[in-house]
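Working notes, structure below.
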Amino acid sequence: MEQQSHTVTTTEFAADAVELLSRTIRYSMKRDDGTTGTEHLVHTLLDDNEKPGAALVPGLNKSTSVAGRIMAMEDRHWVHDDGFHGEPVALDAPGEEDNRFEATAAWREALKLAELKYARKLPEGATWPEQPSGALREVLVGSVRLARTEGTYEVHGRHLARAVLNVGKCRAVEVMTLCRVDLAASASALDAQAEAVRGGAKPWPSETDTEDGSVRLLRQSGLLGERGKWWVRGLMSLMSRTSGDGSPVVSVLSSEARRQAARHGRKVAEQEDLLLAIPALDRALTLAGETPPEALRSNTTVVGLLRSHGMDHALLVRAADSDGRPAEPTEPAGPAEPTARDESAESATQDHTGFTADAYRILSKARLLVAERGASTVGVEDVLTVLLDDTDGRAVRLLQDHGVDLAGVRAGLDGLIAT
(Lines give C-alpha, C1' and ligand atoms only; values in the text may rest on other atoms or scores of the structure.)
Protein backbone atom coordinates (compact mmCIF):
# COMPACT_ATOMS: atom_id res chain seq x y z
CA MET A 1 0.00 0.00 0.00
CA GLU A 2 1.54 3.31 -1.02
CA GLN A 3 1.80 5.70 1.88
CA GLN A 4 0.72 9.23 1.07
CA SER A 5 2.04 12.02 3.24
CA HIS A 6 2.94 15.61 2.53
CA THR A 7 5.26 15.59 5.55
CA VAL A 8 7.33 12.49 4.73
CA THR A 9 9.99 12.81 2.05
CA THR A 10 12.72 10.42 3.22
CA THR A 11 12.95 6.63 2.97
CA GLU A 12 14.74 5.19 6.00
CA PHE A 13 15.39 1.84 7.64
CA ALA A 14 12.57 0.98 10.03
CA ALA A 15 13.17 -0.18 13.58
CA ASP A 16 12.83 -3.88 12.71
CA ALA A 17 15.50 -3.62 10.00
CA VAL A 18 17.93 -1.72 12.25
CA GLU A 19 17.37 -4.30 14.99
CA LEU A 20 17.99 -7.10 12.48
CA LEU A 21 21.25 -5.50 11.36
CA SER A 22 22.42 -5.00 14.95
CA ARG A 23 21.92 -8.71 15.65
CA THR A 24 23.71 -9.53 12.40
CA ILE A 25 26.69 -7.52 13.62
CA ARG A 26 26.58 -9.31 16.97
CA TYR A 27 26.55 -12.73 15.29
CA SER A 28 29.52 -11.94 13.05
CA MET A 29 31.50 -10.63 16.03
CA LYS A 30 30.72 -13.70 18.13
CA ARG A 31 32.16 -15.78 15.30
CA ASP A 32 35.15 -13.44 15.04
CA ASP A 33 34.94 -13.56 11.24
CA GLY A 34 36.47 -10.11 10.81
CA THR A 35 33.83 -8.84 8.38
CA THR A 36 30.05 -8.80 8.60
CA GLY A 37 28.69 -10.28 5.40
CA THR A 38 25.58 -11.56 3.68
CA GLU A 39 25.95 -15.01 5.26
CA HIS A 40 25.64 -13.45 8.73
CA LEU A 41 22.51 -11.58 7.65
CA VAL A 42 20.87 -14.76 6.33
CA HIS A 43 21.75 -16.68 9.50
CA THR A 44 20.17 -13.93 11.60
CA LEU A 45 17.06 -13.89 9.41
CA LEU A 46 16.66 -17.63 9.87
CA ASP A 47 17.39 -17.44 13.59
CA ASP A 48 14.57 -14.90 13.97
CA ASN A 49 11.83 -17.42 13.21
CA GLU A 50 9.98 -14.56 11.48
CA LYS A 51 8.24 -14.33 8.13
CA PRO A 52 11.08 -12.75 6.08
CA GLY A 53 13.46 -15.59 6.90
CA ALA A 54 10.76 -18.19 6.33
CA ALA A 55 10.03 -16.73 2.89
CA LEU A 56 13.73 -16.60 1.99
CA VAL A 57 14.40 -20.22 3.02
CA PRO A 58 11.07 -22.02 3.38
CA GLY A 59 10.75 -25.23 5.37
CA LEU A 60 12.32 -26.27 8.67
CA ASN A 61 14.71 -28.76 7.09
CA LYS A 62 16.07 -26.29 4.54
CA SER A 63 16.40 -23.40 7.02
CA THR A 64 18.16 -25.67 9.53
CA SER A 65 20.48 -26.89 6.80
CA VAL A 66 21.39 -23.37 5.66
CA ALA A 67 21.89 -22.05 9.20
CA GLY A 68 23.97 -25.08 10.19
CA ARG A 69 26.15 -24.82 7.12
CA ILE A 70 26.85 -21.14 7.77
CA MET A 71 27.85 -21.98 11.34
CA ALA A 72 30.21 -24.73 10.18
CA MET A 73 31.92 -22.93 7.31
CA GLU A 74 35.26 -21.21 7.79
CA ASP A 75 36.81 -18.67 5.47
CA ARG A 76 38.71 -21.32 3.49
CA HIS A 77 35.44 -23.15 2.72
CA TRP A 78 33.87 -20.28 0.80
CA VAL A 79 34.16 -19.79 -2.94
CA HIS A 80 33.06 -16.15 -2.80
CA ASP A 81 34.74 -13.41 -0.76
CA ASP A 82 31.42 -11.53 -0.28
CA GLY A 83 32.64 -8.53 -2.18
CA PHE A 84 30.27 -6.95 -4.69
CA HIS A 85 31.23 -7.93 -8.22
CA GLY A 86 28.13 -6.79 -10.09
CA GLU A 87 27.50 -3.68 -12.16
CA PRO A 88 26.98 -0.72 -9.79
CA VAL A 89 24.10 1.67 -10.31
CA ALA A 90 25.35 5.07 -11.45
CA LEU A 91 25.52 7.62 -8.63
CA ASP A 92 23.63 10.15 -10.76
CA ALA A 93 20.70 7.74 -11.24
CA PRO A 94 17.46 9.12 -9.72
CA GLY A 95 17.52 8.75 -5.94
CA GLU A 96 20.77 6.75 -5.88
CA GLU A 97 22.70 9.28 -3.80
CA ASP A 98 19.92 9.16 -1.18
CA ASN A 99 19.90 5.34 -1.35
CA ARG A 100 23.61 5.13 -0.61
CA PHE A 101 23.46 7.68 2.15
CA GLU A 102 20.63 5.82 3.86
CA ALA A 103 22.55 2.53 3.64
CA THR A 104 25.49 4.18 5.39
CA ALA A 105 23.28 5.85 7.99
CA ALA A 106 21.44 2.62 8.77
CA TRP A 107 24.70 0.71 9.23
CA ARG A 108 25.97 3.36 11.63
CA GLU A 109 22.73 3.26 13.59
CA ALA A 110 22.78 -0.53 13.76
CA LEU A 111 26.40 -0.47 14.88
CA LYS A 112 25.57 1.97 17.67
CA LEU A 113 22.61 -0.16 18.75
CA ALA A 114 24.79 -3.29 18.76
CA GLU A 115 27.38 -1.51 20.91
CA LEU A 116 24.73 -0.42 23.41
CA LYS A 117 23.02 -3.80 23.67
CA TYR A 118 25.73 -6.39 23.15
CA ALA A 119 29.14 -4.93 24.00
CA ARG A 120 29.30 -6.65 27.40
CA LYS A 121 28.35 -10.00 25.90
CA LEU A 122 31.10 -10.07 23.28
CA PRO A 123 34.68 -11.33 23.64
CA GLU A 124 37.08 -8.84 25.18
CA GLY A 125 38.94 -6.87 22.54
CA ALA A 126 36.41 -7.64 19.81
CA THR A 127 36.69 -5.23 16.86
CA TRP A 128 33.52 -3.53 15.68
CA PRO A 129 32.98 -3.73 11.91
CA GLU A 130 32.96 -0.12 10.75
CA GLN A 131 31.89 -1.24 7.28
CA PRO A 132 29.94 -4.27 6.01
CA SER A 133 31.28 -6.51 3.26
CA GLY A 134 30.90 -5.21 -0.28
CA ALA A 135 28.02 -7.58 -0.99
CA LEU A 136 26.21 -6.71 2.25
CA ARG A 137 26.69 -3.03 1.48
CA GLU A 138 24.97 -3.61 -1.87
CA VAL A 139 22.17 -5.45 -0.04
CA LEU A 140 21.62 -2.39 2.16
CA VAL A 141 21.53 -0.04 -0.82
CA GLY A 142 19.37 -2.44 -2.81
CA SER A 143 16.85 -2.75 0.00
CA VAL A 144 16.32 1.03 -0.07
CA ARG A 145 15.74 0.84 -3.83
CA LEU A 146 13.17 -1.91 -3.29
CA ALA A 147 11.31 0.12 -0.65
CA ARG A 148 11.19 3.16 -2.95
CA THR A 149 9.92 1.02 -5.83
CA GLU A 150 7.25 -0.41 -3.56
CA GLY A 151 6.17 3.10 -2.60
CA THR A 152 6.90 2.84 1.10
CA TYR A 153 8.96 5.20 3.21
CA GLU A 154 10.40 2.43 5.39
CA VAL A 155 12.90 -0.36 4.72
CA HIS A 156 11.97 -3.59 6.52
CA GLY A 157 13.57 -6.97 7.06
CA ARG A 158 11.80 -8.44 4.02
CA HIS A 159 13.43 -5.80 1.80
CA LEU A 160 16.83 -6.92 3.09
CA ALA A 161 15.94 -10.57 2.45
CA ARG A 162 14.83 -9.79 -1.11
CA ALA A 163 17.89 -7.64 -1.82
CA VAL A 164 20.17 -10.58 -0.95
CA LEU A 165 18.76 -12.46 -3.95
CA ASN A 166 19.41 -9.49 -6.23
CA VAL A 167 23.13 -9.31 -5.40
CA GLY A 168 23.87 -12.59 -7.16
CA LYS A 169 27.33 -13.92 -6.37
CA CYS A 170 27.73 -13.62 -2.63
CA ARG A 171 28.17 -15.97 0.30
CA ALA A 172 24.48 -15.94 1.21
CA VAL A 173 23.46 -17.09 -2.27
CA GLU A 174 26.36 -19.57 -2.30
CA VAL A 175 25.24 -21.35 0.86
CA MET A 176 21.58 -21.37 -0.18
CA THR A 177 22.58 -22.89 -3.53
CA LEU A 178 24.62 -25.55 -1.79
CA CYS A 179 21.56 -26.42 0.32
CA ARG A 180 19.37 -26.62 -2.81
CA VAL A 181 17.13 -23.70 -1.90
CA ASP A 182 14.83 -22.71 -4.78
CA LEU A 183 15.96 -19.09 -5.12
CA ALA A 184 13.33 -18.25 -7.72
CA ALA A 185 10.58 -19.46 -5.39
CA SER A 186 12.08 -17.41 -2.55
CA ALA A 187 12.07 -14.29 -4.71
CA SER A 188 8.47 -14.94 -5.75
CA ALA A 189 7.33 -15.33 -2.13
CA LEU A 190 8.97 -12.05 -1.08
CA ASP A 191 7.68 -10.24 -4.17
CA ALA A 192 4.16 -11.52 -3.48
CA GLN A 193 4.26 -10.05 0.02
CA ALA A 194 5.47 -6.71 -1.34
CA GLU A 195 2.62 -6.69 -3.83
CA ALA A 196 0.12 -7.64 -1.12
CA VAL A 197 1.28 -4.81 1.16
CA ARG A 198 1.10 -2.39 -1.74
CA GLY A 199 -2.48 -3.51 -2.28
CA GLY A 200 -3.46 -2.86 1.33
CA ALA A 201 -2.76 -6.22 3.00
CA LYS A 202 -1.59 -6.32 6.60
CA PRO A 203 2.23 -6.26 6.92
CA TRP A 204 4.06 -9.11 8.54
CA PRO A 205 4.20 -8.90 12.38
CA SER A 206 7.94 -8.21 12.38
CA GLU A 207 7.20 -4.87 10.68
CA THR A 208 4.51 -3.73 13.09
CA ASP A 209 5.70 -5.19 16.40
CA THR A 210 8.95 -3.20 16.44
CA GLU A 211 8.09 0.47 16.86
CA ASP A 212 10.14 3.55 16.03
CA GLY A 213 12.14 4.61 19.08
CA SER A 214 10.72 8.11 19.39
CA VAL A 215 7.13 6.91 19.06
CA ARG A 216 7.79 4.10 21.53
CA LEU A 217 9.28 6.56 24.01
CA LEU A 218 6.23 8.81 23.70
CA ARG A 219 3.92 5.83 24.12
CA GLN A 220 5.78 4.48 27.14
CA SER A 221 5.72 7.97 28.65
CA GLY A 222 1.93 7.98 28.45
CA LEU A 223 1.81 10.86 25.94
CA LEU A 224 -0.12 9.03 23.21
CA GLY A 225 -3.32 8.49 25.15
CA GLU A 226 -2.11 5.34 26.90
CA ARG A 227 -0.78 4.75 30.39
CA GLY A 228 2.60 3.64 29.13
CA LYS A 229 5.20 2.03 31.37
CA TRP A 230 5.32 3.22 34.96
CA TRP A 231 9.11 3.36 35.15
CA VAL A 232 9.39 5.39 31.92
CA ARG A 233 6.66 7.78 33.12
CA GLY A 234 8.51 8.16 36.42
CA LEU A 235 11.87 8.71 34.73
CA MET A 236 10.43 11.29 32.35
CA SER A 237 8.66 13.07 35.20
CA LEU A 238 11.89 13.20 37.19
CA MET A 239 13.85 14.59 34.25
CA SER A 240 11.19 17.20 33.51
CA ARG A 241 11.17 18.41 37.13
CA THR A 242 14.93 18.47 37.65
CA SER A 243 15.72 20.10 34.30
CA GLY A 244 12.88 22.62 34.41
CA ASP A 245 11.57 21.49 31.01
CA GLY A 246 8.00 21.16 32.24
CA SER A 247 7.27 18.24 29.88
CA PRO A 248 9.11 15.33 28.24
CA VAL A 249 9.43 17.22 24.93
CA VAL A 250 13.11 18.08 25.38
CA SER A 251 13.88 14.53 26.52
CA VAL A 252 12.25 13.05 23.41
CA LEU A 253 13.91 15.63 21.16
CA SER A 254 17.29 14.93 22.79
CA SER A 255 16.84 11.20 22.34
CA GLU A 256 16.09 11.67 18.66
CA ALA A 257 19.07 14.04 18.32
CA ARG A 258 21.33 11.30 19.65
CA ARG A 259 19.96 8.91 17.05
CA GLN A 260 20.59 11.48 14.33
CA ALA A 261 24.16 11.84 15.57
CA ALA A 262 24.70 8.08 15.28
CA ARG A 263 23.18 8.02 11.79
CA HIS A 264 25.42 10.85 10.64
CA GLY A 265 28.67 9.42 11.97
CA ARG A 266 29.06 11.57 15.06
CA LYS A 267 29.85 10.16 18.48
CA VAL A 268 28.08 13.05 20.18
CA ALA A 269 25.06 15.12 19.16
CA GLU A 270 25.70 18.58 17.74
CA GLN A 271 23.54 21.55 16.79
CA GLU A 272 22.53 20.06 13.45
CA ASP A 273 21.32 16.90 15.19
CA LEU A 274 18.93 18.94 17.33
CA LEU A 275 17.70 20.57 14.12
CA LEU A 276 17.30 17.24 12.31
CA ALA A 277 15.42 15.78 15.28
CA ILE A 278 12.53 18.20 14.71
CA PRO A 279 11.37 16.90 11.28
CA ALA A 280 12.42 13.36 12.29
CA LEU A 281 9.89 13.37 15.16
CA ASP A 282 7.18 14.61 12.81
CA ARG A 283 8.07 11.88 10.31
CA ALA A 284 7.93 9.13 12.96
CA LEU A 285 4.52 10.20 14.24
CA THR A 286 3.13 10.54 10.71
CA LEU A 287 4.24 7.06 9.66
CA ALA A 288 2.90 5.60 12.91
CA GLY A 289 -0.47 7.19 12.18
CA GLU A 290 -0.38 8.97 15.52
CA THR A 291 -1.77 12.42 16.24
CA PRO A 292 0.92 14.44 18.00
CA PRO A 293 0.22 14.77 21.73
CA GLU A 294 -0.58 18.25 23.01
CA ALA A 295 2.98 18.69 24.26
CA LEU A 296 4.28 18.12 20.72
CA ARG A 297 1.60 19.94 18.68
CA SER A 298 3.99 22.83 18.16
CA ASN A 299 6.50 20.43 16.57
CA THR A 300 4.11 19.83 13.66
CA THR A 301 3.60 23.57 13.31
CA VAL A 302 7.35 24.22 13.38
CA VAL A 303 8.03 21.58 10.72
CA GLY A 304 5.32 23.11 8.53
CA LEU A 305 6.91 26.52 9.07
CA LEU A 306 10.34 25.23 8.02
CA ARG A 307 8.91 23.54 4.93
CA SER A 308 6.94 26.61 3.88
CA HIS A 309 10.16 28.64 3.98
CA GLY A 310 12.21 26.26 1.86
CA MET A 311 13.38 23.33 3.98
CA ASP A 312 13.87 20.08 2.03
CA HIS A 313 14.18 17.36 4.67
CA ALA A 314 15.88 14.85 2.37
CA LEU A 315 18.55 17.34 1.26
CA LEU A 316 19.07 18.53 4.82
CA VAL A 317 19.59 14.99 6.09
CA ARG A 318 22.22 14.21 3.48
CA ALA A 319 24.02 17.53 3.85
CA ALA A 320 24.33 17.14 7.63
CA ASP A 321 26.52 14.05 7.35
CA SER A 322 29.79 13.96 9.25
CA ASP A 323 32.79 15.38 7.42
CA GLY A 324 35.34 13.81 9.72
CA ARG A 325 35.63 16.74 12.10
CA PRO A 326 36.93 15.83 15.56
CA ALA A 327 34.17 15.81 18.16
CA GLU A 328 34.02 18.70 20.58
CA PRO A 329 34.24 18.04 24.33
CA THR A 330 31.01 16.63 25.69
CA GLU A 331 28.83 18.25 28.29
CA PRO A 332 27.04 16.19 30.95
CA ALA A 333 23.38 16.09 29.96
CA GLY A 334 21.87 16.12 33.44
CA PRO A 335 19.61 13.18 34.31
CA ALA A 336 20.11 10.30 31.90
CA GLU A 337 17.70 10.14 28.99
CA PRO A 338 16.59 7.07 27.02
CA THR A 339 18.11 6.74 23.57
CA ALA A 340 15.63 6.12 20.74
CA ARG A 341 15.57 2.51 19.51
CA ASP A 342 17.18 1.09 22.67
CA GLU A 343 14.59 -0.60 24.83
CA SER A 344 16.53 -1.85 27.85
CA ALA A 345 16.01 -0.28 31.28
CA GLU A 346 19.75 -0.35 31.83
CA SER A 347 20.51 1.71 28.75
CA ALA A 348 17.76 4.17 29.67
CA THR A 349 19.73 5.21 32.75
CA GLN A 350 22.97 6.03 30.92
CA ASP A 351 23.98 8.92 28.71
CA HIS A 352 25.47 6.90 25.86
CA THR A 353 25.90 9.52 23.16
CA GLY A 354 25.79 12.88 24.94
CA PHE A 355 26.06 16.34 23.37
CA THR A 356 28.85 18.67 22.46
CA ALA A 357 29.14 21.59 24.87
CA ASP A 358 27.78 23.86 22.13
CA ALA A 359 24.72 21.70 21.50
CA TYR A 360 23.93 21.25 25.18
CA ARG A 361 24.18 25.02 25.64
CA ILE A 362 21.33 25.36 23.13
CA LEU A 363 19.08 23.35 25.45
CA SER A 364 20.19 25.40 28.45
CA LYS A 365 19.44 28.65 26.64
CA ALA A 366 16.00 27.36 25.62
CA ARG A 367 15.20 26.64 29.27
CA LEU A 368 16.34 30.11 30.28
CA LEU A 369 14.33 31.71 27.46
CA VAL A 370 11.16 30.00 28.67
CA ALA A 371 11.83 30.94 32.30
CA GLU A 372 12.41 34.60 31.37
CA ARG A 373 9.02 34.90 29.71
CA GLY A 374 7.30 33.16 32.62
CA ALA A 375 6.20 30.07 30.71
CA SER A 376 6.24 26.61 32.24
CA THR A 377 7.10 24.31 29.34
CA VAL A 378 10.05 24.19 26.93
CA GLY A 379 8.79 23.43 23.43
CA VAL A 380 10.34 22.63 20.08
CA GLU A 381 9.74 26.22 19.01
CA ASP A 382 11.96 27.42 21.86
CA VAL A 383 14.81 25.09 20.87
CA LEU A 384 14.61 26.19 17.22
CA THR A 385 14.49 29.86 18.26
CA VAL A 386 17.74 29.48 20.18
CA LEU A 387 19.31 27.57 17.29
CA LEU A 388 18.47 30.47 14.96
CA ASP A 389 19.82 32.99 17.49
CA ASP A 390 23.26 31.44 17.05
CA THR A 391 23.87 33.01 13.66
CA ASP A 392 27.35 31.47 13.42
CA GLY A 393 26.17 28.03 14.45
CA ARG A 394 26.21 24.92 12.28
CA ALA A 395 22.41 24.62 12.29
CA VAL A 396 21.99 28.12 10.85
CA ARG A 397 24.70 27.53 8.25
CA LEU A 398 23.04 24.26 7.23
CA LEU A 399 19.69 26.01 6.70
CA GLN A 400 21.27 28.97 4.92
CA ASP A 401 23.25 26.73 2.57
CA HIS A 402 19.98 25.16 1.46
CA GLY A 403 18.12 28.38 0.82
CA VAL A 404 15.81 28.38 3.83
CA ASP A 405 14.29 31.82 4.50
CA LEU A 406 15.50 32.26 8.08
CA ALA A 407 13.80 35.64 8.52
CA GLY A 408 10.47 34.09 7.56
CA VAL A 409 11.00 31.16 9.92
CA ARG A 410 11.94 33.50 12.74
CA ALA A 411 8.88 35.67 12.21
CA GLY A 412 6.68 32.58 12.28
CA LEU A 413 8.33 31.38 15.49
CA ASP A 414 7.80 34.75 17.16
CA GLY A 415 4.11 34.57 16.28
CA LEU A 416 3.86 30.98 17.56
CA ILE A 417 5.53 31.80 20.87
CA ALA A 418 3.35 34.89 21.34
CA THR A 419 0.11 32.89 21.10
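Values reported hereafter were calculated over all heavy atoms of this structure, with side chains retained and with hydrogens, waters and symmetry mates removed. These figures come from a predicted structure and were not determined experimentally.
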Task: Check: S65 side chain, N61 main-chain N or O, donor-acceptor pair, under 3.5 Å - done: no
Task: D321 with R108: basic N within carboxylate O range, under 4.0 Å - done: yes
Open item on the list: Checking side-chain polar atoms at under 3.5 Å, does E154 have a donor or acceptor matched by the opposite partner on T152?
Closed with: no
Task: T149 side-chain N/O to R145 backbone N/O, donor-acceptor pair under 3.5 Å - done: yes
Task: Ionic contact status for E150 with R198, cut-off 4.0 Å - done: no
Task: Rounded distance (nearest 0.5 Å) linking atom CE of M176 with atom CG of D182 - done: 11.0 Å
Task: T11 side chain vs R148 backbone, donor-acceptor pair below 3.5 Å - done: no
- [ ] Taking S255 for its side chain and V252 for its backbone only, find out whether a donor-acceptor pair lies under 3.5 Å.
- [x] no
Task: pair H313-R307: side-chain heavy atoms closer than 4.5 Å - done: yes
Open item on the list: Tell me whether D273 contacts the main-chain N or O of E270 through its side chain, where contact means a donor paired with an acceptor under 3.5 Å.
Closed with: yes
Task: Over-ring placement of R26 relative to Y118, 6.0 Å and 45° cut-offs - done: yes
Open item on the list: Let's go through L316 and L399 carefully: what are the C-alpha distance in whole Å and the side-chain angles of both, what is the deciding distance for side chain to side chain contact (heavy atoms under 4.5 Å, CB included) to 0.1 Å, and is it a yes or a no?
Closed with: CA-CA 8 Å; L316 207 64; L399 292 170; 4.2 Å; yes
- [ ] Verify salt bridge (Lys or Arg N to Asp or Glu O under 4.0 Å) between R318 and E102, making sure each step is shown before the conclusion.
- [x] CA-CA 9 Å; R318 198 169 68 235; E102 179 54 30; over 6 Å; no
- [ ] Please assess T104 against R137 for the test side chain to side chain donor-acceptor pair (under 3.5 Å), listing each intermediate value before the final yes or no.
- [x] CA-CA 8 Å; T104 299; R137 164 77 181 172; 2.7 Å; yes
Task: Any donor-acceptor N/O pair, N166 side chain to V139 backbone, under 3.5 Å - done: no
Task: Nearest non-hydrogen partners of A172 and V164, listed with the distance - done: CB-CG1, 3.6 Å
- [ ] State the CG-CG distance between L190 and L165, to the nearest 0.5 angstrom.
- [x] 6.5 Å
Open item on the list: For the NZ atom of K169 and the CG atom of D82, what is their distance to the nearest 0.5 Å?
Closed with: 14.0 Å
TODO: Given side chain to side chain contact (heavy atoms under 4.5 Å, CB included), test R171 with H40 step by step and report yes or no.
DONE: CA-CA 9 Å; R171 287 185 172 181; H40 303 114; over 6 Å; no
TODO: For residues F84 and C170, determine if any side-chain heavy atom of one lies less than 4.5 Å from a side-chain heavy atom of the other.
DONE: no
Open item on the list: Given 3.5 Å as the limit, does a donor-acceptor pair link the side chain of E174 with the main chain of H80, or not?
Closed with: yes
Open item on the list: Hydrogens and angles aside, do D16 and S206 bring a side-chain donor and acceptor to less than 3.5 Å of each other?
Closed with: no
- [ ] Decide side chain to side chain contact (heavy atoms under 4.5 Å, CB included) for L140 and V144; before the verdict, give the C-alpha distance in whole Å, the side-chain angles of both, and the deciding distance to 0.1 Å.
- [x] CA-CA 7 Å; L140 300 182; V144 186; over 6 Å; no
Open item on the list: Looking at H309 and L306, would you say the former's side chain and the latter's main chain have a donor-acceptor pair under 3.5 Å?
Closed with: no
- [ ] With side chain to side chain donor-acceptor pair (under 3.5 Å) as the test, would you mind laying out the steps for E256 and S214 before giving the verdict?
- [x] CA-CA 6 Å; E256 182 58 43; S214 297; 2.4 Å; yes
Task: Any donor-acceptor N/O pair, D212 side chain to A288 backbone, under 3.5 Å - done: no
Task: Distance-only polar pair, side chains of E272 and H264, donor-acceptor under 3.5 Å - done: no
TODO: Measure the spacing between CG of L305 and OG1 of T300 and express it to the nearest 0.5 Å.
DONE: 12.5 Å
Task: Verdict with supporting geometry, D382 and K365, salt bridge (Lys or Arg N to Asp or Glu O under 4.0 Å) - done: CA-CA 9 Å; D382 302 303; K365 288 181 178 179; over 6 Å; no
TODO: Verify whether one side chain among R283 and T10 offers a donor that lies under 3.5 Å from an acceptor in the other.
DONE: yes
- [ ] Give a yes or no on whether the backbone of V175 and the side-chain of W78 come within a donor-acceptor separation of less than 3.5 Å.
- [x] no
- [ ] Please lay out, stage by stage, how E19 and S22 fare under the test side chain to side chain contact (heavy atoms under 4.5 Å, CB included).
- [x] CA-CA 5 Å; E19 174 68 28; S22 74; 4.0 Å; yes
TODO: Before giving the answer on side chain to side chain donor-acceptor pair (under 3.5 Å), spell out for S298 and E381 the whole-Å C-alpha distance, their side-chain angles and the decisive distance to 0.1 Å.
DONE: CA-CA 7 Å; S298 63; E381 66 274 20; 2.7 Å; yes
